[in-house]
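These numbers come from a predicted model, not from an experiment. Per chain, numbering begins at 1; letters A, B, ... match sequence-line order.
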Protein chains: 2
Amino acid sequence: MSVRLDAIDRKILAELQRDAGQSLDEIARKVGSSKTPVWNRVKKMREGGIIKQTTVLLDAEALGLEACFFVLIRTSEHEAEWQEKFLHALRSRPEVLEAHRLAGDIDYILKVQVSNARAYDVFYQALIQEVRIHNVTALLSMEEIKSTTALPLAG
Amino acid sequence: MSVRLDAIDRKILAELQRDAGQSLDEIARKVGSSKTPVWNRVKKMREGGIIKQTTVLLDAEALGLEACFFVLIRTSEHEAEWQEKFLHALRSRPEVLEAHRLAGDIDYILKVQVSNARAYDVFYQALIQEVRIHNVTALLSMEEIKSTTALPLAG
DNA sequence: GTTGAAATGACCTACAC
DNA sequence: GTGTAGGTCATTTCAAC
């Protein structure tokens, strides 16, 4: 299932992660190839699902979304029906940027980006009203030390 | 500092977040405007730092990065020198995708993407050897329920 | 501020190696 | 597989409204 990538593929991916707006010629020059082979490789990696999406990263603070919370959730409910409802609640809320089901005593972690603590509380109250949750701990980010979507490619 | 955005700006941002590869004509049609004004707005939002980056999102599993950990860190050290060293350690490690300084009894949270549990242990051993850390809890993701870089724009 | 046209440059294909 | 060439289409500038 995992597609085989050579050194040039990885260089191309690194460049695209850095700046997807640059031209094929630029990328070709940087990776030591030329336009057509680079284009073919990119196309293959898109079709193979290695490149999932081309997008822009926005500045949360500039948009007034100044509060970022990590939410640790414990629940006593593990039935399929509850889980379905919970997943739907998370997926339908745009302020939930990430949600993972975990191993261990904490069941879920969420990353929630909102305008302020009050907006978080609105989110929180709505969530616990929609689905039964045993225990919630919210961790408030004071400072974003690092944030990248660039995956390490030295594989 | 926060730039004023109208409804059209927000529609443009939503479209770019969804797919930054589509043409200006397409975006213009969707937001009910035409090419040049859309282009001018995008340019302004880039220059104003609202649009920080154009990038591609890659599939971590396809790249063999099958393990995602959230790492909760407590430390007893709060001196500037220690912090400087810790920050540098995080920023220089590509497997650390996110790092936040927190309010409360947990001091930091990291998101770490690696190939497997063994690779996480290598990362962890190297980190605690480089900087003194009081207490570490690693939460292993079993399932990515949701993951998006798209910020909510109903501002 | 919007619109439209025109040139510059990128993309994507086809073909040669 | 890589490189070259050319048609098509998008981006960017500029002038007019």
Side-chain angles (χ1 to χ4, degrees), chain A residues 1-59 62-64 148-155, chain B residues 1-59 61-64 148-151 153-155:
Chain A
M1 192 63 217
S2 176
V3 188
R4 197 140 207 81
L5 300 175
D6 66 11
I8 293 177
D9 288 324
R10 277 195 284 274
K11 279 189 193 172
I12 292 170
L13 291 176
E15 279 304 319
L16 288 175
Q17 286 193 125
R18 208 181 52 73
D19 178 10
Q22 62 189 318
S23 74
L24 280 180
D25 275 328
E26 265 178 304
I27 295 170
R29 190 175 48 73
K30 286 175 184 166
V31 306
S33 180
S34 85
K35 228 170 19 178
T36 307
V38 170
W39 189 83
N40 284 325
R41 284 162 181 269
V42 171
K43 191 185 175 196
K44 206 169 271 179
M45 291 191 285
R46 276 191 205 281
E47 288 167 352
I50 293 168
I51 299 172
K52 291 193 295 186
Q53 200 188 349
T54 302
T55 189
V56 293
L57 302 182
L58 306 183
D59 188 289
L63 295 168
T148 181
T149 58
L151 300 175
L153 294 168
Chain B
M1 192 60 218
S2 178
V3 187
R4 197 137 206 84
L5 300 176
D6 66 11
I8 293 177
D9 288 325
R10 278 195 284 273
K11 279 188 193 171
I12 293 170
L13 291 177
E15 279 303 320
L16 287 175
Q17 286 193 127
R18 208 180 53 72
D19 178 10
Q22 63 190 318
S23 74
L24 280 180
D25 275 327
E26 266 178 304
I27 296 170
R29 188 175 51 73
K30 285 175 185 167
V31 306
S33 179
S34 85
K35 232 171 11 180
T36 308
V38 170
W39 189 82
N40 284 326
R41 284 161 182 269
V42 171
K43 191 184 175 195
K44 207 171 268 178
M45 292 191 284
R46 275 188 206 281
E47 287 167 353
I50 293 168
I51 299 172
K52 291 192 296 186
Q53 199 188 349
T54 302
T55 190
V56 293
L57 302 181
L58 306 184
D59 186 289
E61 294 195 4
L63 295 167
T148 181
T149 57
L151 300 175
L153 295 168

Suppose we screen for side chain to side chain contact (heavy atoms under 4.5 Å, CB included). Which residues come up paired with [X], at least two apart in sequence or across chains?
| X | answer |
| --- | --- |
| Ala14(B) | Leu153(B) |
| Thr149(B) | Thr55(A), Leu57(A), Thr149(A), Leu57(B) |
| Ser23(B) | Asp25(B), Glu26(B) |
| Ala28(A) | Val38(A) |

By side chain to side chain donor-acceptor pair (under 3.5 Å), which residues pair with Asp59(B), not counting sequence neighbours?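 Partners of Asp59(B) under the side chain to side chain donor-acceptor pair (under 3.5 Å) test: none.
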List in chain and number order the residues that pass side chain to side chain donor-acceptor pair (under 3.5 Å) with Gln22(A), two or more places apart in sequence or in another chain; answer none if no residue qualifies. Glu15(A), Lys30(A)
Report the distance from atom [atom1] of [X] to atom [atom2] of [Y], rounding to the nearest 0.5 Å.
| X | Y | atom1 | atom2 | value |
| --- | --- | --- | --- | --- |
| Leu63(B) | Arg10(A) | CG | CZ | 9.0 Å |
| Leu5(B) | Lys11(B) | CG | NZ | 14.0 Å |
| Ser34(A) | Leu24(A) | OG | CG | 10.0 Å |

When you look for runs of 3 or more Watson-Crick or G-U pairs in a row, both distances below 3.5 Å, which of them include DNA chain C?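 Paired runs of 3+ in DNA chain C: C:1-17 with D:1-17.
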Classify every nucleotide of nucleotides 5-17 of chain D by which part a protein heavy atom approaches to under 4.0 Å, writing B for the base, S for the sugar-phosphate alone and - for neither, in 5'-to-3' order. -B---SBSBB---
Under the side chain to side chain donor-acceptor pair (under 3.5 Å) definition, can you give me all pairs with a residue in residues 42-53 of chain A, not counting sequence neighbours?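 Found Arg46(A)-Thr54(A).
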Between which nucleotides of DNA chain C, 5' to 3', does chain B make heavy-atom contacts below 4.0 Å? dG1(C) to dG4(C)
